[in-house]
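The structure under discussion appears below in the form of structure tokens.
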2 protein chains.
Amino acid sequence: MFPTREDVHGIKRLEVLREAAASFNFKGYHATSMNEIAASLGVTKAALYHYFPNKNSLLAACFDHAMDAAFASMERARKEGRNGRERLVLTMSYYVAQLINELNCCVVLMEDKALEPEDQAKLVRQRDRFERALRSFIREGIDDGSVVPCDPKLAVFVILGAMNWVPKWFKPSGAWKPDQLNAALAQMFERLVSSSPVAAMASDVGELPSSAGPPLSLSSLGLRGHGARVTKIAKKTDKKVKVGGRR
Amino acid sequence: MFPTREDVHGIKRLEVLREAAASFNFKGYHATSMNEIAASLGVTKAALYHYFPNKNSLLAACFDHAMDAAFASMERARKEGRNGRERLVLTMSYYVAQLINELNCCVVLMEDKALEPEDQAKLVRQRDRFERALRSFIREGIDDGSVVPCDPKLAVFVILGAMNWVPKWFKPSGAWKPDQLNAALAQMFERLVSSSPVAAMASDVGELPSSAGPPLSLSSLGLRGHGARVTKIAKKTDKKVKVGGRR
DNA sequence: TGCCTAACTAACCGGACGGTTAGCAAACCG
DNA sequence: CGGTTTGCTAACCGTCCGGTTAGTTAGGCA
């Protein structure tokens, strides 16, 4: 027996979650009806209630997933980054990569007010912990000289804002490939906080590596770039997809 | 007769709009009921329909207001800015200042999918025009040397993301005053795109000018900062308000 | 004073949506 | 094969919400 029954259940459950996450991201939680989610999956509304007890738990599961990805990314970045700045940028990079891969979209961090009080409290606790950790990366970076002196709270807000805005304009099926988005965002964040910002950035996201070597290796991100141009790599790759990356 | 009847009507209408904008911003459009808006204003739901034909037109009016502010800010910045970077940063600065003053909150640019098709089309047209103009500020800046070579589209997305995230953590009644927020954001954006980024930023937003001189003069923003620190100005001002600037 | 209109309320309507229930068909298990 | 569980559907229920309507109050104006 290849897939046991519980396996199938788990897989379908994840499929429901992905569809819900995509819809919540696209139209918003309250504007998405259970009927719509079900119809997108080719089932009826009642079927969804075999996998989630109610609509709100679906939203809570989205947030859970996102926060898990966030902390996993941070752990990985903590090990691999060699200073505060690298850890900060890598965290964001791994995070967006993971969310784009696992859910078909990326972030969901809006709509937190739609959660039940207990779920909301849990999310707030986790998110605060995450943001505090990001801020400490900044402080760490200021101390080790990799980050420019700045207000850590504000810097983190600006970066998170740019992150959470991504779903509004980026579609994995668009002209920019996920890896390019990722590299470009990292370059931006890098420049925002670096004590020695790069003197030039990719003048076209299409010029950034689409999937070169080990995903998101430090070198491919152009970290430690300083004066050297990082553009002109992988020129003219992946320009075929025409489905608009925007609207 | 001090206020004519039409004046009163207009004032009350604006009051309705402010309340609606605040609620939409805080809980989201679909999560806000007409009853709630009315109750916050001390009237009944039906009263609202004397000022707006339906709920959706309320949302459309919010977007209209925001886009008007955006274009007005851009026009002002176009005249006052001396190069592409200054025009870009000033646009954002004036924009957030105007929205915080007029509506009690700032931006609303999410929830565009909740608009009626025709309103949505109008918004999309306006927003595209605005974003294209911002991108051309970037290109202009790259040409005149004030902006680092980069992908204009991505840079604008990052900046807009940071802007539109502001309502999630900033409250005008919080510990950070609007002017401080404004100066700090400008400093961040400045650094993000400048061809010669400042070597250090305010390490605490509280250190930034709260309301010094003509609002948002270029000098007070630390534009053209380069190597000189702009912190330590107006130290220890406005630290009294205790209402949390977050949550 | 008396009329008219603007401003507002109380009560109601229809529809949509979250969630439930009953039942059916297939798969699993002895 | 027979009984039980699982996965799902069709139909339904209660509630909430956007919007309407009828009616009341108050101010402007002759």
Side-chain angles (χ1 to χ4, degrees), chain A residues 1-21 23-24 26-63 111 113-120, chain B residues 1-21 23-24 26-63 111 113-120:
Chain A
M1 36 25 177
F2 271 10
T4 152
R5 209 141 81 184
E6 283 174 2
D7 286 347
V8 173
H9 189 88
I11 291 171
K12 287 190 181 178
R13 199 186 122 102
L14 187 61
E15 211 55 39
V16 172
L17 190 67
R18 288 167 60 110
E19 184 61 41
S23 288
F24 292 165
F26 184 68
K27 317 179 44 172
Y29 174 75
H30 293 285
T32 304
S33 75
M34 292 298 268
N35 257 326
E36 287 171 348
I37 299 175
S40 299
L41 294 164
V43 295
T44 60
K45 176 176 59 168
L48 303 183
Y49 289 85
H50 280 258
Y51 302 98
F52 294 89
N54 52 50
K55 188 187 180 186
N56 213 276
S57 71
L58 252 174
L59 183 63
C62 290
F63 277 110
E111 303 262 25
K113 306 220 179 41
L115 287 168
E116 292 296 319
E118 48 197 22
D119 292 328
Q120 160 135 2
Chain B
M1 34 31 176
F2 271 10
T4 152
R5 212 145 75 187
E6 283 173 3
D7 287 347
V8 173
H9 189 87
I11 292 171
K12 287 190 181 177
R13 198 186 125 102
L14 186 61
E15 212 55 41
V16 172
L17 189 68
R18 289 167 58 109
E19 184 60 41
S23 287
F24 293 163
F26 183 68
K27 318 178 46 172
Y29 174 74
H30 293 285
T32 303
S33 75
M34 293 296 270
N35 256 325
E36 287 172 347
I37 299 175
S40 299
L41 294 164
V43 295
T44 61
K45 176 177 58 167
L48 303 183
Y49 288 86
H50 279 258
Y51 301 98
F52 293 90
N54 52 49
K55 188 186 179 186
N56 215 277
S57 72
L58 252 172
L59 184 63
C62 290
F63 278 109
E111 302 261 25
K113 306 222 177 39
L115 287 170
E116 292 294 319
E118 48 197 24
D119 292 329
Q120 159 134 2

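Predicted model, so just to flag it, every value in this text is computed and none were measured. All values below come from the heavy atoms of this structure, side chains included, with hydrogens, waters and symmetry mates left out. Throughout, a chain's letter reflects where its sequence line sits, starting with A, and its residues are numbered from 1.
Regarding A:Leu48, its CG atom lies at a distance of 16 Å from the C1' atom of D:dT6, rounded to whole Å. When the P atom of D:dG18 is taken as reference, atom OH of B:Tyr29 falls 8 Å away, rounded to whole Å. Going from atom CG of A:Asn35 over to atom C1' of D:dT9 covers 12 Å, rounded to whole Å. C:dG19 atom P lies 8 Å from atom CG of A:Asn56, rounded to whole Å. Straight-line distance from the OH atom of B:Tyr51 to the P atom of C:dT9: 10 Å, rounded to whole Å. If you measure from atom CZ of A:Phe24 to atom C1' of C:dG18, you get 12 Å, rounded to the nearest angstrom. Separating the NZ atom of B:Lys55 from the P atom of C:dG15 is a distance of 19 Å, rounded to the nearest angstrom. Atoms CZ (A:Arg13) and P (D:dG7) sit 13 Å apart, rounded to a whole Å.
Residue-to-nucleotide contacts include a donor-acceptor pair under 3.5 Å from the side chain of A:Lys45 to the base of C:dG18.
Considering only residues two or more places apart in sequence or on other chains, B:Lys12 meets the salt bridge (Lys or Arg N to Asp or Glu O under 4.0 Å) condition with none of them.
If you find the closest nucleotide of DNA chain C to A:Thr32 and to B:Ala47, the one lying nearer the 5' end belongs to B:Ala47.
Distance check: A:Lys55 NZ to A:Tyr29 OH gives 5.0 Å after rounding to the nearest 0.5 Å.
Of the candidates C:dG18, C:dA7, D:dC8, C:dG18 carries the atom nearest the A:Ser33 side chain, counting heavy atoms from C-beta on. Comparing D:dG7, C:dA10, C:dA7 by their nearest atom to the side chain of A:Lys12 picks out D:dG7. Nearest to the side-chain atoms of B:Asn54 among the listed nucleotides D:dT9, D:dG19, C:dT9 stands D:dG19.
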Under 3.5 Å, which donor-acceptor pairs do the side chains of residues 40-50 of chain A form with other protein atoms, sequence neighbours left out?
residue : atom : partner : partner atom : Å
A:Ser40 : OG   : A:Glu36 : O            : 3.0

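Checked by atom type and distance alone, the side chain of B:Ser23 never pairs as donor or acceptor with a backbone atom of B:Ala20 at under 3.5 Å. With hydrogens and angles ignored, the 3.5 Å screen pairs a side-chain donor or acceptor of A:Asn56 with a backbone N or O of A:Glu116.
As judged by a 4.0 angstrom heavy-atom cut-off over every strand, A:Phe52 is placed among residues making no nucleic acid contact.
At the phosphate of C:dA7, OP1 or OP2 sits under 4.0 Å from a side-chain N or O atom of B:His9. Checking the phosphate oxygens (OP1, OP2) of C:dA7, no side-chain nitrogen or oxygen of B:Tyr49 falls inside 4.0 Å.
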